[in-house]
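Please read the structure below before turning to the comments.
Counting convention: from 1, in listed order, for ligands and their atoms alike. Every value quoted in this text rests on a predicted model; they were computed, and no experiment measured them. Count residues from 1 along the sequence. In what follows, every heavy atom counts, from backbone to side chain, and hydrogens, waters and symmetry copies are set aside.
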Amino acid sequence: MKLKERVFSGMQPTGSLHLGNYLGAMVQWIEMQKTHECIYCVVDLHAITVWQDPTELRHAIRQVTAAYIASGLDPKKSILFNQSQVAAHAELAWIFNCVARLGWLNRMTQFKEKAGKDREAASVGLYAYPNLMAADILAYRATHVPVGEDQKQHLELARDIAQKFNNDFRESIEAKGYADGLFFPQPEPVITGPATRVMSLRDGTKKMSKSDPSEQSRIALTDDAEAIANKVKRAKTDPDALPSEVKGLAGRPEAENLLGIYAAVTGRTLEAVVAEVGGQQFSAFKKLLSDALVARIVPIGDEIRRLMGDAAEIDRVLADGASRARAIANPIMDEVRDIVGFIRS
Ligand code: TYM
């Protein structure tokens with residue numbers, strides 16, 4: 001049986017989305033919406049792996065949904081919903097908790113980073129998080145997963161889980177008519193956004209991240225023109241002029257990051273922008289960069305604010321998306337229950 005191509009991806013509702021989320025994933029999501037059946041989730045179950053204030057969480061779920069729509073996702077075409085409204089995610093995650101091995105999770109670098117030194121105090125959810133992520137994708141038997149570079153290891157784990165499930169339950173899967181025990185697909189990472197690893201504006205060796213305590217380290221999609229200009233002005237640089245060849249960026253992480261962002265937001269290659277701005281001082285280049293960012297990001301922020309004015313409409317979009325998501329996941333979950341050996345009425 002040939003598996004239908006289906007796209008799944010998600011973002012955590014923990015504060016405002018930033019330029020890394022947009023250039024690393026969202027731009028690619030919008031592109032794939034033109035050619036594929038796409039399911040885009042606001043992953044609220046993932047968010048609570050670290051403490052979230054309930055009022056802020058509700059706000060963040062709506063704000064990320066608004067950001068999806070404001071960036072160009074069409075809720076009529078793609079399925080947009082929040083994870084907790086579709087029970088299949090949590091249920092399949094439990095089954096995957098029993099498929100994945102401790103040794104696999106012990107290798108996850110993101111857990112080590114997020115748990116920090118006091119690993120004993122991290123939630124069990126934070127540790128099991130990659131299993132939930134595998135469940136998100138496989139509850140829809142999705143085949144393609146557009147993400148930024150940092151999610152690569154989690155996706156490799158999702159592939160391992162899919163394969164182990166298929167092997168462990170091979171007989172039961174074949175009895176249901178799936179040739180070669182192929183029930184779950186091996187989901188493919190699609191890491192092809194215009195900038196798959198956007199770095200912090202304060203340190204070109206660190207990823208731009210929502211959890212960085214410094215607001216100056218990232219550009220939020222809700223930043224206004226003044227905030228963007230200030231952040232770019234204060235972005236870390238080095239003392240030299242910009243190189244006139246790409247290879248001159250070696251060992252200059254801040255220059256590489258800022259030029260990479262400029263290329264991504266203006267839709268050009270690194271080579272083309274290096275040819276344009278090579279030899280300039282950072283001060284002159286930063287003006288170009290902030291103008292390009294303002295032109296691209298401010299209209300999205302304005303649209304987010306407009307959409308947030310009607311929370312009931314956002315909730316309607318999520319409810320509609322959730323019911324369409326359930327319609328895909330429920331029959332798959334019925335098969336999973338049969339395959340595992342549960343009795344259902
Ligand atoms: P999250 O919420 O951290 O990030 C959402 C998306 O943005 C990408 N991203 C970046 N890309 C480039 N540069 C950056 N600095 C940057 N920061 C973030 C991420 O790679 C991601 O694509 N575990 C996921 C959410 C998730 C998921 C899934 C994704 C849950 N279930 C199933 C795909 C499929 C996460 O925390 O992403």
- Item | Nearest protein heavy atom with distance in Å, relative to atom 23 (N) of ligand 1 | Y129 OH, 2.6 Å

- Query: If you measure from the Lys or Arg side-chain nitrogens to the Asp or Glu carboxylate oxygens, is any gap between R159 and E188 under 4.0 Å?
  - Reply: no

- Which one holds for V147 and ligand 1: side chain close, backbone close, both close, or neither close, with close meaning a heavy atom under 4.0 Å? both

- Does an N or O from G148, backbone or side chain, lie closer than 3.5 Å to an N or O of ligand 1? yes

- Kindly assign one of parallel, tilted or perpendicular to the pair F184 and F96, based on the angle between their ring planes and the thresholds 30° and 60°. perpendicular

- Message: Quick test: of every protein heavy atom, which one is nearest to atom 34 (C) of ligand 1, and how far off is it to 0.1 Å?
- Response: V145 CG1, 3.5 Å

- the protein heavy atom lying closest to atom 37 (O) of ligand 1 turns out to be Q151 NE2, 3.7 Å

- Note on the structure: atom 1 (P) of ligand 1 sits nearest the protein heavy atom Q12 N, 4.3 Å

- Message: Within the structure provided, determine whether E313 and L307 are in side-chain contact (heavy-atom separation under 4.5 Å).
- Response: no

- Query: How close does the nearest protein non-hydrogen atom get to atom 25 (C) of ligand 1, and which residue and atom is it?
  - Reply: G10 O, 3.5 Å

- Can you list the atoms of ligand 1 that are under 4.0 Å from a heavy atom of K207? 15 (N)

- Message: Do D334 and R337 have side chains that approach each other closer than 4.5 Å (heavy atoms only, starting at C-beta)?
- Response: yes

- Item | Atom CZ of R268 with >12 non-hydrogen neighbours under 6.0 angstrom | yes

- Item | Part of H18 within contact of ligand 1 (heavy atoms, under 4.0 Å) | side chain

- Query: Does V198 reach ligand 1 with a nitrogen or oxygen that is under 3.5 Å from one of the ligand's nitrogen or oxygen atoms?
  - Reply: yes

- Query: Strictly by modelled atom types, are Y178 and E335 linked by a side-chain donor-acceptor pair under 3.5 Å?
  - Reply: yes

- Item | ligand 1 contact by K210, heavy-atom criterion under 4.0 angstrom | yes

- Task: Provide the number and element of each atom of ligand 1 under 4.0 Å from a heavy atom of H46.
- Result: 30 (C), 31 (N)

- Message: Taking the six-membered ring for Trp, are F285 and Y262 closer than 6.0 Å centroid to centroid?
- Response: yes

- Within a distance under 4.0 Å of any heavy atom of R197, pick out the atoms of ligand 1 and give their elements. 12 (C), 13 (N)

- Query: Side-chain contact, heavy-atom cut-off 4.5 Å: I61 with I314?
  - Reply: no

- Query: Out of G20, P13, S200, whose heavy atom sits nearest atom 14 (C) of ligand 1?
  - Reply: G20

- Item | Option nearest atom 12 (C) of ligand 1 (shortest heavy-atom distance, choices D150, T196, L19) | T196

- ring pair (Phe, Tyr, Trp, His ring centres under 6.0 Å) assessment of H154 paired with F111: CA-CA 10 Å; H154 289 156; F111 173 75; over 10 Å; no

- Task: Go through ligand 1 atom by atom and flag the ones less than 4.0 Å from a non-hydrogen atom of G24.
- Result: 11 (N), 12 (C)

- Task: Have a look at ligand 1 and work out which part of L132, if any, has a heavy atom under 4.0 Å from it: side chain, backbone, both or neither.
- Result: neither

- Mind checking whether S9 has an N or O less than 3.5 Å away from an N or O of ligand 1? no

- Has R141 got its NZ or CZ under 6.0 Å from the middle of the six-membered ring of F183, at an angle within 45 degrees of the ring axis? yes

- Query: Taking N or O atoms only and a 3.5 Å limit, does E149 qualify as a polar contact for ligand 1?
  - Reply: no

- For ligand 1, does D136 get within less than 4.0 Å through its side chain, its backbone, both, or neither, judged by non-hydrogen atoms? side chain

- Look at atom 28 (C) of ligand 1 and say which protein heavy atom is nearest, naming residue and atom and giving the distance to 0.1 Å. M133 CG, 3.3 Å

- Message: Other residues, nucleotides and ligands only: do more than 12 of their heavy atoms fall within 6.0 Å of NZ on K112?
- Response: yes

- Task: May I ask you to check whether H144 and F8 place their ring centers less than 6.0 Å from one another?
- Result: no

- Query: Under a 4.0 Å N-O cut-off, is there an ion pair linking R197 with D150?
  - Reply: no

- Nearest to atom 7 (O) of ligand 1, what protein heavy atom do you find, and at what distance? N21 ND2, 3.1 Å

